[in-house]
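The structure under discussion appears below in the form of structure tokens.
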Amino acid sequence: MGLTAYAAGRPSALLVGVPGAAAVRLAAEAEVRRLGWASASSPASASVLVVCGDPGPSLAAAIDAAWNGVPSPRADVRLSSPGTVRAALADVPATLADLPGQRASAVTGSWRPPAAAEPEHGHGHHMTGAVHGLAMAERADDRDGLKLDVLHLPFGPVLPYWPDGLQIRMAVQGDVVQSAEAAFLDPSGPDFWDEPGARRRAAAHLDALARLLGVAGWRAQAERARLLRDAALDGTPAATLLPRATRFARRVARSRTLRWMTDGLGVHARLLARLDATTTALAHLDDPEPLPPEPDVLGVLPSLLAGRDLAAARLIVAALDPRP
Amino acid sequence: MTPVWTVVALPVALGVLTLLAASGNAVLGAAASGAPAPLRHWDDPLRAAARALVQQRRRTFAADRLLSRVGVVTLPVAALLAAVVLPLGTRAVADWSVGVVWFNAMEVATWAAVWLTGWGPNSAYALVGGYRYLAQGLAYELPHMFALITVALGAGSLNVTRVADAQDGLWFGVWMPVAFAVYLVSALAMAFWGPLAHPVADDVASGAAVELDGPDRLVFAVGRYALLVVAAAAAVPFFLGGGAGPWLPAPVWTLVKTLVVLGALLWAGHRLPVLRMDRFLEFAWIVLIPASLLQMLVVALVVLD
Amino acid sequence: MTLDAFLLLAAALFSVGLYGALSQQSIVMLMMGLELMVNGIVVAGGAFWYYIAPGAADGQVLVLVAVTVMALEMAMGFAVVTALFRARDADLTDDAEDLRG
Amino acid sequence: MQVAAFWALAVTAVASGVAVFRVDSMARATFALLASFLCVGGLLLLLDLHYLGALVVLMMIMEMLVMAVFMVMYMMNPAGLMPMTMIHNGRWALGISVAVFAALAAGIVLTPWPPRRGAPPDDPTYALGEAIMGPKMLVMMGIGLAILATMIGSVVLSTDRGRYDREDPR
């Protein structure tokens, strides 16, 4: 059918990173950019779910939940190493376009709540007033002295501009965060960013900067940061890399709107620190010093997020950029 | 009575300009983010439309489908009804005596549209996106109304065609700069575009539009681009002297000016990060409202003597 | 499109609003009833202007005042509900009968 | 054509007015009320009151959205997923409102309305503007003061923070 084939020609990809397998994600991002595919920000708008690496059990469960949300025609691509990326993505349009195959695997029925909808923690009384199998939200005081509904919201691993494999369970009133618990879903062995070398260090900072700029809603500069990161990793000489990086750093640092949006949260200071770290790393490409180990970010995150609204919380998480 | 051709010409012109805006934005976005060969992205909107049309519909849990449907359909309808009072050259489809107020009323309908789209699917991110648009509406609406009142005050009439004709001497955009700037900000806010795209921002996974799938996503996107086009097209009679201009006939000048304003709005979308609504609300109420009131005072004094 | 038809519509809207205002327990819904009653007044004002005294603008001024009253009533109503909700964590009319602080 | 439009709008207005108190979901109640207001705005347009019709549409959409904020915030069951009747003394209220309607209808039908005096001006909006700025200036000032008093009153009533302690330190 013409329309399905035309739609399958350039699908919309939703990339899911796995902690420890950042190399696969970088290769997948580069390939998606080369093919010119659209990048989806939610399962509903995606037609291809690309899992970069082999997820552990709990991350696999979250990915299956996201996969249920992807409407057909859809394709599920599992990448285990950077080498297989090009071949795997090449035959995605074919799988999307063959209608009989898609119809066989179409999702049936609507999402049901998980059987054991978490009972109220603590007092395990029978869930009074359950609605469609879900408990009514309990209420708690909020910062304006009103008792409002509290919603327990997992900021899942499948989210645009989100650290790979992180999950933050937040208790939210409206869009104000009451409390948060952060954890990595089955963090695996050595991290791709820990290997020594100034190029790797600069690329790590640029990757974090891309996420921060993406959360701040500046997609154009986020993509430019990713281009710089890939250029730094695949060995472009400093002569061409450094001017591009300084121009990028100056433009982002000088943006008054970005400062207006991020000051008061400590995010702007970390942004400037990362920009300086990137430019200094790119200035001395030969020194082998690896990325300094992050202080315990996951521990301090809940206290930073409490009382903030969702937009500020996302900025803080992107600025701190916890690593497993 | 209005000639029949304008009634047909309006939706067609709006459709063509909407497609132009969408593909122009795709190319601009690719160029701004340094993607290889940005020009091949010209047909991204057509691909997205095809994807939306072949997509299977899903049901979110305990969703209010009626309200969600009403919200999604209201967007393009509001854009079309708002464009009804805009002159296509010299003739508007409906030359009402209260064109300016009607334009404002139809554009406020987007508040209901985005909130309903956010409320409908019973999803946390969508609801957050819907409420962000309410904060955005409360922020931009008052300065926007004062800007429109200033224009009507300067022209001495609420009829859009007469407002355009009243600028044959000097364009309002020239001697009402603050009102023009406030209008451009609210033009972005009307279509929740560029720096004012917080309701559908990436930090809540495209907020109000997170659960839209299939035709709903297509109608919502068409409505949003149509609103951007209508906001740009409305800047022409209000601030840029309507169809007036040397050499070319009126409709061509209207089209050229609309494309210039539309290009500026699209370009601004990729130049700035997204404004957070709590900070923009504070800025709007503390800076924009006094500025637009002062502008109205100046115009009133000029008009009186 | 006669005056009687318009006034009957106004009376119908007014009565529906009255039913709502009298029967609803929640203050928010009670205010929706009040808004419907003022809605009836707006229709009546417009009809009287058109059918009885189009020369003078009094009918229009009445409609303008009615619309403003609707806005003010809603604003004050929600302020009272917020204060009541903070003080007594209740938004039902039964818990708001006494004026004790 | 106008008569058809009138009856369509009138029936929709009353039907959505009744629906406001019949539906379970609060969001649907709010937007049924908005539908009723939009029909009244359309009726005002039919009566050549273009400015007031557009004004009613404009203000009512904004008001209903603000009402939706409060309605979802305070209501126990905003989406109506758990149908509960929030009615007290329903029968008595129904009786009173039907009686009121009967009385009003009788009054409307029986009183001999005076014939129309004067013709509608070609631009009613201009006439309203002249009146508001001219003989009815007191009304305009009264409305202005009432709005100011409401703004201050509602802010004082609804906020629990004092004037000086700012919640998020800049």
Could you go through Leu104(D) and Phe14(C), starting from their C-alpha distance and side-chain angles, then the distance that decides it, and tell me whether this counts as side-chain contact (heavy atoms from CB on, under 4.5 Å)? CA-CA 10 Å; Leu104(D) 286 176; Phe14(C) 186 85; 4.2 Å; yes

Could you measure the distance from the CZ atom of Phe78(C) to the CD atom of Glu73(C)? Nearest 0.5 Å is fine. 8.5 Å

Hey, which of Ile147(D), Ile143(D), Leu52(D) has the most heavy atom pairs under 4.5 Å with chain C? Leu52(D)

Pick from Ala57(C), Ala79(C), Ser23(C) with the largest number of heavy-atom pairs that fall under 4.5 Å of chain D: Ser23(C)

With chain D, which of Gly40(C), Gly45(C), Ala5(C), Pro54(C) has the greatest number of heavy-atom pairs at distances under 4.5 Å? Pro54(C)

Between Ser16(D) (side chain) and Ala19(D) (backbone), is there a donor-acceptor pair under 3.5 Å? no

Which atoms form the tightest heavy-atom contact between Phe101(D) and Ser15(C), and what is the distance? CB-OG, 3.2 Å

Step by step, would you call Met137(D) with Ile132(D) a side-chain contact (heavy atoms from CB on, under 4.5 Å)? CA-CA 5 Å; Met137(D) 169 68 86; Ile132(D) 283 284; over 6 Å; no

Straight-line distance of Tyr50(C) OH to Leu47(D) CG, nearest 0.5 Å: 7.0 Å

If I measure from the heavy atoms of chain C, does Met62(D) come under 4.5 Å with its side chain, its backbone, both, or neither? neither

Counting only non-hydrogen atoms closer than 4.5 Å, does Pro115(D) touch chain C with its backbone (N, CA, C, O), its side chain (CB onward), both, or neither? backbone

Under 4.5 Å to a heavy atom of chain D? For Met32(C) that would be both

Options Met76(C), Gln24(C), Met70(C), Glu35(C), ranked by heavy-atom pairs under 4.5 Å with chain D, top entry: Gln24(C)

Is it the side chain or the backbone of Thr111(D) that comes within 4.5 Å of chain C heavy atoms, both, or neither? neither

Let's test your reading of the structure: which of Leu128(D), Leu55(D), Val139(D) forms the most heavy-atom pairs below 4.5 Å with chain C? Leu128(D)

Under 4.5 Å from a heavy atom of chain C, the part of Ala105(D) involved: both

Short side-chain to backbone donor-acceptor contact, Gln60(C) and Pro124(D), under 3.5 Å: yes

Within the supplied structure, the quantity of interest is the number of heavy atoms (other residues, nucleotides, ligands) at a distance under 6.0 Å from Tyr19(C) OH; does it exceed 12? yes

Shortest non-hydrogen contact from Val42(C) to Ala66(C)? CG2-CB, 3.7 Å

Interface residue of largest heavy-atom contact number with chain D, from Ala12(C), Gly55(C), Ala10(C), under 4.5 Å: Ala12(C)

Proximity breakdown for Phe6(C) and chain D, heavy-atom pairs closer than 4.5 Å: both

The reported gap from CH2 in Trp113(D) to CZ in Phe48(C) (rounded to nearest 0.5 angstrom) is 4.0 Å

Say whether, by atom type as modelled, one donor and one acceptor occur between the side chain of Thr30(D) and the main chain of Met26(D) under 3.5 angstrom. yes

Quick check on Leu94(D) against chain C: is it the side chain, the backbone, both or neither that has a heavy atom closer than 4.5 Å? both

Using a cut-off of under 4.5 Å on heavy-atom pairs, state which of Val156(D), Val3(D), Leu49(D) scores highest against chain C. Leu49(D)

In short, salt bridge (Lys or Arg N to Asp or Glu O under 4.0 Å) pairs touching residues 38-55 of chain C with sequence neighbours left out are none

Given that the side chain runs from C-beta out, which part of Ala56(C) has a heavy atom under 4.5 Å from chain D: side chain, backbone, both or neither? neither

Report which part of Val80(C) has an atom under 4.5 Å of a heavy atom belonging to chain D: side chain, backbone, both, or neither. both

Which answer fits Leu33(D), side chain, backbone, both or neither, if we ask what part of it has an atom under 4.5 Å from a heavy atom of chain C? side chain

Which bit of Val56(D) is near chain C, if near means a heavy-atom gap under 4.5 Å: side chain, backbone, both or neither? side chain

Name the member of Gly153(D), Ala131(D), Ser36(D) that forms the most heavy-atom pairs with chain C at distances under 4.5 Å. Ser36(D)

Could you please spell out the steps behind the side-chain contact (heavy atoms from CB on, under 4.5 Å) verdict for Leu65(D) and Ile61(D)? CA-CA 6 Å; Leu65(D) 264 299; Ile61(D) 293 179; 4.2 Å; yes

Quick one: of Leu3(C), Leu22(C), Asp58(C), who has the most non-hydrogen atom pairs under 4.5 Å with chain D? Leu22(C)

Option that, when pairs with chain D are counted at under 4.5 Å, heavy atom only, ranks first among Asn39(C), Asp4(C), Thr68(C), Leu8(C): Asn39(C)

Tell me, for Met60(D) versus chain C, whether the close heavy atoms (under 4.5 Å) come from the side chain, the backbone, both or neither. side chain

